[in-house]
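None of these values were measured; they are calculated from a predicted model. Quick note: numbers below take in every heavy atom, side chains included, and nothing from hydrogens, waters or symmetry partners. Order of appearance sets the numbers: ligands from 1, and atoms from 1 within every ligand.
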Amino acid sequence: MKIKEIFDLAIKKGIEADLRGEEMVRKILERKREKYERLSEKEKEDFDLEALENPYLDSRILNIAKDKEIKRVLVGIDIEPAEILLAKEIGGIDLIISHHPLGKGLANLHEVMEMQCDILNLYGVPINVAEDLMRERIDEVARGVNKFNHQRTIDAARILGFNLICLHTATDNLAVKFLKEKIEKEDSLMRLEDLMNLLREIPEFKEATKFGAGPKIFVGSPERRCGKIALTEVTGGTEGSPKIYEKLAIAGIGTVVGMHMEEERKKEAEAAHINVVISGHISSDSLGMNLFLDELEKRGIEIIPCSGLIRASRVKK
Ligand SMILES: [Fe+2]
């Protein structure tokens, strides 16, 4: 496979797994195209054309040094110049894949957050409430990512001649779909400890538990009932609005499953009587990446995990 084929496959898989449904994703892309066509020639010059095809602008092709057949990839959760040097040291690496966004993927992180409005709506929060609360938070994230040195790792890849891509929301979508299907199969009378046991069976989470980074109950106790479980904090860029928990409680949600949660949000969830189970950040990122990497493995590509990626293959051998 060539770099573009690998990237397009990730976007395709991400769309198929998108909680909003493929049709809604296509409609959003169509709407962007209509808006683009109405722009003046001057405005079109500055427009990011990838936005017309790729609904996850935090997933990007960042550097093509040599457009060759990809046989061996180095994959990590965070790729920094250190991992680029690592690739040089290992030798024979055709492509480096980062999970966390870099370059314009990072600069556009806030763009994918709009999907959180529809996911919240899916769980019963009125769309107007979700949009209103998320607007504030999206602006905050857009300003927050502004301070980073976006091109640092890409410069390292360019100098040392490495191909580099990042796949963020595209693979987080695979993690959320996987978890949603696994959890929804279970009895609605489940308690938090049952949910924890269910999560700990997943190889990536089982492995992370061994080094203290497995699933954790952030709010609630093992004996408490889960009630309706919402997977509102697994995909969609980064953490959403702290004001959302009260609205989720009104919408009938009992437990939120997320990848990570800051203290301010935890307190808000507590105040809204919502249980919170954190599946684990890097292990959940690994789950989504693995579901995609299996597609590459099936096509004969060798995968070398690094930078926190817990590689678990589901390819039948
Ligand atoms: Fe992450």
Inset, instruction - Please answer whether the main-chain N or O of P305 pairs with a side-chain N or O of R311 as donor and acceptor at a distance below 3.5 Å. - result: no
Inset, instruction - Would you mind listing every ring pair (Phe, Tyr, Trp, His ring centres under 6.0 Å) that reaches into residues 238-263, with sequence neighbours excluded? - result: H260-H281
Legend entry - Qualifying ring pair (Phe, Tyr, Trp, His ring centres under 6.0 Å) pairs with a residue from residues 103-126, counting only residues at least two apart or across chains: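 Qualifying pairs, neighbours excluded: none.
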Inset, instruction - Grab the two heavy atoms, one from G103 and one from I154, that are nearest each other, plus how far apart they are. - result: CA-CD1, 3.3 Å
The Fe ion (ligand 1) and [X]: any N/O/S contact shorter than 2.8 Å?
X	answer
H100	yes
H281	yes
D285	yes

